[in-house]
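Written below as structure tokens is the structure these notes are about.
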Amino acid sequence: MSYTSSQRAAIECVDRNLQIVACAGSGKTDVVSRRIAELLLVPGVEPANIVAFTFTDKAAAELKDRVLRRVQDAGGSTLGLAEMFIGTMHAYCLDVLQRHVPETFRYRVLSDVTNRLFIDRHSKEAGLTSCPTRLASTPTLYRYRDSRLYQQVLSVLREDEVDDAAVPDQVWDSFAQYIRLLGKASYFDYTQMILTAVELLEDVDDERGRAIRDHVLGALKYLVVDEYQDVNPLQERLIRALTSGGSNLCVVGDDDQTIYQWRGSEVSNILTFAQRYEGVETVVLDDNFRSSKGVVDLGRTVAESLPAGARLAKTMTAAGHQQWQRGDLLALTFDSPQAEASWICDRMVELRGVPFVDGPDAAARGLSWSDFAVLYRSVAKDADPLVDELRRRDIPYVVKGLNRLFHSAEIAAVVTVFAYLVGEVGSETVQSAWENAEIVPSGRDWKSAFGVLETARAIKAGARWGVYNIQRLYLDLLAALEVREDTIPGTPARAELVFYQLGKFSQAISDFEEIHFQSAPAAKYRAFRDWLTHQAPDYYAESDADVGYAQPDAVVISTVHQAKGMQYPAVFVPCLRRNRFPSKRHGGVGLFHVIPDVAVAQPDRYRGTVEDETRLFYVAVTRSQKYLAMSFSPGGNQLFARPSDFMRLASTNQHVSTKHTWLGPSIQRLAPTPRRATPQVTLTFSELKYFFDCPYQFKIRFLYGFNPPLHEALGYGKGLHDALAEVHKRALDGVLLTTADVEDLVDRHLHTPYAYPALRENLVQSARAALERYFDAHGREIPNTIHSEKQIQVHLGEGVVVDGRVDLIRRLDTDEVAVVDFKSTERAQPEDVTRDQLHVYALGYEELVGESPDLIEVLNLDDKGKSTREEVEAPLLAAVRHRVLEAGNQLRANDLPRHQSWCRACDKCDVADLCRSRRDA
DNA sequence: CAGGATATCCTTTTT
DNA sequence: GGATATCCTG
């Protein structure tokens with residue numbers, strides 16, 4: 001791989017703060033990963049000294065993979081690579097907290113949906129309904145209706161730089177209530193994880209804060225921040241705090257690609273970076289290797305239409321191998337959306353099989369469906385005509401960025417069940433909805449199914465919480481109707497898709513029940529039903545062919561936002577309508593009705609400006625490697641009847657044609673061949689355990705997404721683990737806890753939010769007993785702790801990685817090293833599965849330190865459970881390595897069969913009813 | 001061309 | 001129910 005001089009400058013700059021301004025297609029990820037590999041060659045630099053932030057988990061996975069390959073290329077060692085943090089800032093902060101702050105071990109993270117459920121469920125206590133607005137018509141926010149806005153207010157107050165005095169006192173009161181409630185329930189929302197970590201790191205005076213600073217900053221020598229243009233003020237504070245100890249900082253970004261300002265991104269971070277940090281070296285990567293000179297020139301035109309003062313100076317230049325030809329770039333106008341959709345399909349058919357060269361040294365291949373991407377400002381509002389046309393013509397497609405789970409007939413049918421439970425519809429409605437959705441074969445006996453529902457409905461207030469578990473009800477209902485992949489009418493492919501939908505619904509139930517587990521039965525069903533109609537549809541995406549690890553050869557329909565970071569040989573940007581793209585400003589009760597806009601430094605970020613939309617258009621254009629068709633057709637009403645200014649901008653560019661001439665039949669065509677990438681498979685230890693137990697159970701749980709019912713004792717095992725983690729971590733710091741600390745430990749770590757009071761008391765007792773037993777039996781060995789909760793990775797080659805955490809690594813009196821796994825219940829697990837699992841741990845340890853452990857141990861904390869200890873054997877290690885690789889290949893081939901017949905794995909399987917009838921047992 | 005009346009909208013998405 | 005774009009009127 002050869003680099004340009006500026007790329008090399010960026011890679012080699014390891015001793016100064018560095019700003020890499022990377023244009024679209026400039027090989028950014030490659031440069032960053034190479035630089036990290038280079039850092040590892042610096043004498044004295046260990047993987048644990050490097051932290052790299054990305055914006056998404058997906059980007060993190062990609063960077064990790066790249067770094068690994070670069071390290072291998074550079075002949076470096078992959079030893080200990082698991083100690084390098086590559087991930088989002090959220091994940092990093094959570095990791096720091098849960099590594100160093102025992103009080104936070106028990107905290108769980110609220111997602112966007114569960115956070116909203118939480119706010120609505122506790123609307124008064126969370127301050128929602130007392131939060132004032134500046135509108136006479138809406139004196140305060142309303143439950144349900146305004147909870148989303150309230151979420152935004154809560155994050156702006158913490159993530160932005162807010163002029164405290166300009167925010168009304170009552171708004172602050174609401175805010176304080178929310179924060180108090182969040183802590184009381186032991187939750188972090190996304191913002192709070194970062195804020196908590198930042199405040200600890202900033203607090204130089206606090207004794208404990210200083211200890212954490214020493215740990216964190218002591219290890220950190222190099223910090224890399226990708227997508228720096230999208231960093232918000234709180235995240236900038238984190239970066240500041242992390243580099244305050246003098247670590248080297250490298251930020252990478254492109255101010256022209258700031259597209260998340262409505263989430264608080266602050267472009268000025270990147271614009272003024274060089275002034276705000278010491279001795280900054282700036283490297284501009286303006287060679288675009290991705291696109292033809294036509295695309296690059298159009299992209300530059302778009303970027304340069306932005307006001308000059310608001311950008312970093314750079315001139316994107318075409319430097320790749322893609323050739324521009326007249327006719328590649330089109331700006332076309334159509335009379336109707338249907339005509340536009342039809343032309344797009346024609347154009348795809350025309351381009352299919354046309355020779356395309358992926359890289360400078362690659363052989364030509366024929367373009368295939370997955371080489372085409374159609375990018376919309378709003379898929380939800382504009383993509384329907386194209387989807388209809390693609391379906392009509394049998395062209396495969398996947399739609400990204402659309403929450404339509406609840407539009408599907410299957411889920412609509414499932415929802416009727418809950419309408420029935422609250423007495424809104426009769427049994428005939430339910431039955432006919434299910435039959436219309438073709439989930440069950442017609443003529444199925446519905447008696448037992450309604451029996452399940454009757455039992456659920458008859459539950460009285462005061463019953464144990466576990467009894468009117470909605471998840472249980474759902475799974476029982478599917479079991480009663482014998483809904484399984486092999487009984488769903490239609491082809492196996494259809495059955496699989498239906499199962500993905502049903503699995504997602506199971507996830508929705510889990511989200512709801514996490515917050516509403518303890519609501520009284522009638523209220524709970526009612527709340528669930530309302531949530532299903534009003535809120536849930538906005539959060540859950542329909543499943544299409546793009547699921548699991550298999551990669552379909554299908555046209556991609558996506559929003560511009562979701563296409564960020566992607567590239568495609570041919571890109572379509574249709575529906576360039578005025579008031580849609582650029583989008584017009586919107587009305588309604590908004591952020592600034594709660595927080596005055598003067599309280600925020602750059603309020604326009606949250607409003608959206610033409611410049612923001614221009615940057616979005618820039619992102620859309622620069623996704624294309626060669627072919628790009630921008631088009632307009634008048635939309636449904638007069639607001640969208642005229643073309644966007646972007647149409648004019650595009651058509652005045654000299655590389656763009658405004659008329660399309662069909663390629664003649666003489667043009668050379670190759671067999672369509674999709675770009676082949678071997679998907680990366682990353683598994684955790686616990687997922688792998690299920691896979692070893694039964695591949696089909698793994699599929700039901702992790703690919704389809706079915707969740708077992710929430711268990712009332714949930715949290716017990718984690719609490720024990722956390723308590724022991726504190727014991728061992730303190731030991732590493734030289735503090736030895738004893739039996740006298742048991743009560744404290746249990747208080748701090750045992751969090752069982754779903755336990756009814758009597759159970760809770762039981763769990764406290766058994767947790768204390770378990771810890772006391774541990775101190776009795778192993779107290780003497782605690783000082784021999786080498787690692788507690790050690791992050792490990794196993795790289796198996798061929799893109800298969802296993803991630804995990806080893807509970808304990810300790811030295812025995814024999815001076816041997818043992819890898820230890822705690823089990824909190826004696827719940828039987830076949831012995832061979834346990835051994836497989838432990839050998840994977842051993843592999844992880846080997847990759848961490850370079851030699852395998854001597855022993856692997858299972859320590860059962862339960863009083864009856866038995867503990868095992870065995871020697872690590874090389875042949876077993878090799879065999880396990882092989883089995884994990886095989887698992888990765890099976891996953892990629894979507895080959896996850898069920899066992900031949902009912903077996904012992906089925907006996908303990910929570911989702912066995914979705915697999916086979918119990919009559920077979 | 002200014003200003004009032006009317007029609008139409010109420011994204012985008014990551015953690 | 002509020003904000004905005006565009007239409008309409010003089």
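Just the heavy atoms: all of them, side chains too, but no hydrogens, waters or symmetry mates, feed the values below. If you're wondering where the values come from, they're calculated on a predicted model, not measured in any experiment. So you know, we letter chains A, B, ... as the sequences are listed, proteins then strands, and number each from 1.
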5' precedence on DNA chain C between A/R578 and A/V589 (nearest-nucleotide basis):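 That would be A/V589.
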Any base atoms under 4.0 Å from [X], or only sugar-phosphate, or nothing? Heavy atoms, all strands.
{"X": "A/A91", "answer": "nothing"}
{"X": "A/S583", "answer": "base"}
{"X": "A/D57", "answer": "sugar-phosphate"}
{"X": "A/R642", "answer": "sugar-phosphate"}

side-chain contact (heavy atoms from CB on, under 4.5 Å) against A/S633, all qualifying residues, sequence neighbours excluded: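 Scan of A/S633 (side-chain contact (heavy atoms from CB on, under 4.5 Å), adjacent residues dropped) gives A/F334, A/P337, A/E340, A/R577.
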Between [N] atom [atom2] and [X] atom [atom1], what is the distance in whole Å?
{"X": "A/Y142", "N": "C/dG2", "atom1": "OH", "atom2": "P", "result": "12 Å"}
{"X": "A/R116", "N": "B/dT13", "atom1": "CZ", "atom2": "P", "result": "16 Å"}
{"X": "A/Q152", "N": "B/dT14", "atom1": "CD", "atom2": "P", "result": "16 Å"}
{"X": "A/Y260", "N": "B/dT15", "atom1": "OH", "atom2": "P", "result": "9 Å"}
{"X": "A/D112", "N": "B/dT12", "atom1": "CG", "atom2": "C1'", "result": "13 Å"}
{"X": "A/Y606", "N": "B/dT11", "atom1": "OH", "atom2": "C1'", "result": "17 Å"}
{"X": "A/D612", "N": "B/dT11", "atom1": "CG", "atom2": "C1'", "result": "13 Å"}
{"X": "A/Y539", "N": "B/dT14", "atom1": "OH", "atom2": "C1'", "result": "13 Å"}

Under 3.5 Å, is there a donor-acceptor pair linking the side chains of [X] and [Y]?
{"X": "A/Y539", "Y": "A/D511", "result": "no"}
{"X": "A/D120", "Y": "A/Q535", "result": "yes"}
{"X": "A/E266", "Y": "A/N232", "result": "no"}

Single hit among A/K564, A/Q257, A/Q235 for side-chain hydrogen bond (donor to acceptor under 3.5 Å, both in side chains) with A/D230: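 Passing option: A/K564.
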Of residues 261-269 of chain A, the positions that come close to DNA chain B - non-hydrogen atoms, cut-off under 4.0 Å: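 By residue number: A/W262, A/R263.
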Table please: side-chain donor-acceptor pairs of residues 149-157 of chain A below 3.5 Å, with sequence neighbours left out.
| unit_1 | atom_1 | unit_2 | atom_2 | d |
| --- | --- | --- | --- | --- |
| A/Y150 | OH | A/A126 | O | 2.7 |
| A/Y150 | OH | A/S174 | O | 3.2 |
| A/Q151 | NE2 | A/D112 | O | 3.2 |
| A/Q151 | NE2 | A/D112 | OD1 | 3.4 |
| A/Q151 | NE2 | A/N115 | OD1 | 3.0 |
| A/S155 | OG | A/Q151 | O | 3.3 |
| A/S155 | OG | A/Q152 | O | 3.2 |

CA sep, side-chain torsions, deciding dist, call: A/H561, A/Y260, ring-ring contact (aromatic ring centres under 6.0 Å, His included): CA-CA 9 Å; A/H561 286 91; A/Y260 287 112; 5.7 Å; yes
A/R701, A/E513, A/Q507 screened by side-chain contact (heavy atoms from CB on, under 4.5 Å) with A/N707, the one that passes: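 It is A/Q507, the one option of A/R701, A/E513, A/Q507 that forms the side-chain contact (heavy atoms from CB on, under 4.5 Å) with A/N707.
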Is the phosphate of [N] approached by [X] (side-chain N or O, under 4.0 Å from OP1 or OP2)?
{"X": "A/Q562", "N": "B/dT12", "answer": "no"}
{"X": "A/S378", "N": "B/dT12", "answer": "yes"}
{"X": "A/T559", "N": "B/dT13", "answer": "yes"}
{"X": "A/H593", "N": "C/dA3", "answer": "yes"}

Rounded distance [0.5 Å steps], NZ in A/K58 versus CD in A/Q562: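 It is 8.0 Å, given to the nearest 0.5 Å.
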Span that lies between the P atom of C/dG2 and that of B/dT12, in whole angstrom: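 My reading of the P atoms in B/dT12 and C/dG2 gives 24 Å.
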Nucleotide-resolved protein contact map, nucleotides 1-10 of chain B, B/S/- at heavy-atom distance under 4.0 Å: ------SSSS
Side chain to side chain, A/Y190 and A/V109, heavy atoms closer than 4.5 Å: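 They are in side-chain contact.
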Min side-chain heavy-atom separation A/D65-A/V801 under 4.5 Å: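 When only atoms from C-beta onward are counted, A/V801 and A/D65 do not touch, as no gap falls below 4.5 Å.
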Residue A/E103 excluded, over 12 heavy atoms near CD under 6.0 Å: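 Enclosed.
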Set of residues satisfying side chain to side chain donor-acceptor pair (under 3.5 Å) with respect to A/S370, sequence neighbours excluded: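 For A/S370 the side chain to side chain donor-acceptor pair (under 3.5 Å) partners, ignoring immediate neighbours, are A/D553.
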Paired and unpaired positions of DNA chain B as dot-bracket, Watson-Crick or G-U wobble under 3.5 Å, | denoting a partner strand: ||||||||||.....
